[in-house]
Amino acid sequence: MKIRRRGSSLRSHLWRQLHIQGWLRGQAPATRFVVISTIRSGSTMLVDLIDAHPGAECFYELFHIHPDAIPFAKEGYDLLATRPAALDLRRRDPWAFLQRYIWAPVHRAGVRAVGFKLHYAQARQDSWWHEGEFAGMWHACGIPPLYGDRDHDLWQALRDDREVRIVHLIRRNILASMVSSQTAQRTASWGDQASGGYRSSDDIRVRIEPGHLRHALQQQQRFEAEIETWFADHPRLTLTYEELVGQRQQQLDRVFDFLGLDRRAIAPTTRKLRTIPLRDSILNLEELASACHDILPPSAFEAYLQE
């Protein structure tokens, strides 16, 4: 069995390399897209659901915090993930990297839509969220490295290309997102495609600083406003984590329609890291409610706790 898997992997790698190097021509995507979101927003679940469609390929965080490997998470990309030429191109010119390895005619027949996941803070030339009042969540997860430069700005290139479709995933419950972030840090469990795998979080209780919650709300609003403004003229679909969890197939139908794919019933392969009620996960619940009541009214705070 081990030999067959290795043989299959080598064949997939050879097939992919023949297309990437231009020796054979594969399928070019009819639809190019990006899933834009924040950390702990359900983006891994959405990527996995899209990628499970036979007409789509959706890559993981191509511009994540680790500069020494590219998380293609695709069969046939194993050796390319650490190849110096690919790493160097991603670092120097992220847009050219996408044209060479992601959106080129290198895909199998039948693939119509090809995209990847991009967090708000990845591959950015500005860094306002690193300022002291905003840095809580992002510093805990690692500061994304700089890819490209002012002349090779990935976000500007995405803004300039109005044919790229934008899937904007928002998690309304910022409190749950912060608990998820701290839980992931303490268990070293960030999801299927991230390092660490899954570990039990049933005994994890976290303390959230009131100031961090206030700033996280402000930061999230600013990020979301940027996406709405920057991509106002792009084909854009906005959905929430809460909708995706509560109405999975209905929201998937919206996504598949948006990407030009036929509707398919697809079951998730990821699972939620936190298994206990949100209100039982937070040690200083009353302090948070009292300190943030001016920007998070009691009714909204209580609604958050129902997740």
Side-chain angles (χ1 to χ4, degrees), residues 29 31-53 55-67 69-75 77 80-81 86 90 94-95 97-99 101-103 107 111 113-124 129 137-138 141-145 147-148 154-155 157-159 161 164-171 177 180-181 184 189-196 220 223-224 226-227 230-231 234-241 243-245 248 251-252 254-256 258-259 261 266 268-270 272-273:
T31 299
R32 295 170 298 135
F33 69 93
V34 183
V35 175
I36 298 177
S37 66
T38 187
I39 56 176
R40 316 312 297 165
S41 64
S43 56
T44 295
M45 174 176 62
L46 179 56
V47 165
D48 285 350
L49 289 168
I50 295 174
D51 193 54
H53 193 293
E57 283 200 335
C58 192
F59 292 81
Y60 193 57
E61 294 172 35
L62 297 175
F63 302 97
H64 67 162
I65 65 173
H66 305 297
I70 305 167
F72 290 108
K74 295 281 183 196
E75 191 175 47
Y77 281 91
L80 186 63
R90 181 184 64 162
W95 186 249
F97 167 83
L98 292 176
Q99 309 312 310
Y101 297 113
I102 307 302
W103 287 332
H107 303 281
V111 170
V114 177
F116 65 99
K117 177 169 75 167
L118 183 66
H119 283 327
Y120 294 139
Q122 290 176 340
R124 291 277 292 260
W129 58 90
M137 286 180 69
W138 295 95
C141 302
I143 299 175
Y147 291 108
L154 174 64
W155 285 86
L158 289 170
R159 291 161 68 179
D161 190 335
V164 175
R165 294 180 174 267
I166 305 299
V167 179
H168 189 193
L169 177 64
I170 296 170
R171 187 167 189 173
S177 182
S180 178
S181 178
S189 304
W190 294 93
D192 282 337
Q193 307 296 351
S195 60
Q220 185 68 10
F223 274 131
E224 291 177 10
E226 285 179 341
I227 302 306
W230 289 353
F231 299 105
H234 285 62
R236 189 174 77 252
L237 175 67
T238 301
L239 68 156
T240 69
Y241 166 87
E243 291 171 333
L244 188 60
V245 170
R248 186 181 68 246
Q251 297 306 312
L252 266 184
R254 291 180 63 212
V255 173
F256 292 152
F258 179 70
L259 298 179
L261 302 170
I266 296 175
T269 58
T270 57
K272 196 172 185 178
L273 186 60

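All values below come from the heavy atoms of this structure, side chains included, with hydrogens, waters and symmetry mates left out. Since we're looking at a predicted model, the values are computed, not measured.
Between the CG atom in Leu252 and the CG atom in Leu239 there is a gap of 9.0 Å [rounded to 0.5 Å]. The CG atom of Asp48 sits 8.5 Å away from the SG atom of Cys58 when rounded to the nearest 0.5 Å. Atom NE2 of His119 sits about 4.0 Å away from atom OG of Ser43, to the nearest 0.5 Å. In this structure, CD on Glu61 lies 7.5 Å from OG on Ser37, to the nearest 0.5 angstrom. Considering CD1 of Ile170 and CD of Gln220, their distance stands at 7.0 Å, rounded to 0.5 Å. Note: Phe116 CZ to Tyr101 OH = 15.5 Å, rounded to the nearest 0.5 Å.
Considering all non-hydrogen atoms of both residues, Ile266 and Leu49 come closest at CD1-O, 3.6 Å. In terms of heavy-atom proximity, His234 sits nearest to Val164 at CD2-O, 3.2 Å. Taking all atoms of both residues into account, the shortest heavy-atom contact from Ile65 to Pro145 is CA-CD, 3.5 Å. Across all their heavy atoms, Gly148 and Pro94 have their closest contact at CA-CD, 3.6 Å. Considering every non-hydrogen atom in both Asp51 and Glu57, the closest pair reads OD1-CA, 3.5 Å. Taking all atoms of both residues into account, the shortest heavy-atom contact from Leu259 to Thr31 is O-OG1, 3.3 Å.
In this structure, Trp95 contributes its side chain and Leu158 its backbone to no donor-acceptor pair below 3.5 Å. Using modelled atom types, no side-chain atom of Trp103 and backbone atom of Pro29 make a donor-acceptor pair closer than 3.5 Å. With Arg90 contributing its side chain and Leu62 its backbone, the two residues share a donor-acceptor pair below 3.5 Å. Under the 3.5 Å distance criterion, the side-chain polar atoms of Arg171 are left unmatched by any main-chain donor or acceptor of Thr38. Proximity of a side-chain donor or acceptor of Tyr147 to a complementary backbone N or O of His64 within less than 3.5 Å is detected.
Put simply, the side chain of Leu244 does not reach to within 4.5 Å of the side chain of Val255, judged on heavy atoms. Between Tyr60 and Thr44, the closest side-chain pair of non-hydrogen atoms falls below 4.5 Å. By the 4.5 Å heavy-atom criterion applied to side chains, Val245 and Met45 are counted as neighbours. Between Ile36 and Trp155 the shortest side-chain heavy-atom distance falls below 4.5 Å. Between Phe97 and Leu154 the shortest side-chain heavy-atom distance does not fall below 4.5 Å.
Centroid-to-centroid, the aromatic rings of Tyr120 and His168 come within less than 6.0 Å. Centroid-to-centroid, the aromatic rings of Tyr77 and Phe59 come within less than 6.0 Å.
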side-chain contact (heavy atoms from CB on, under 4.5 Å) assessment of Ile102 paired with Phe72: CA-CA 9 Å; Ile102 307 302; Phe72 290 108; 3.9 Å; yes
Residue pair Asp161, Arg32: steps toward the side-chain contact (heavy atoms from CB on, under 4.5 Å) verdict: CA-CA 10 Å; Asp161 190 335; Arg32 295 170 298 135; 2.9 Å; yes
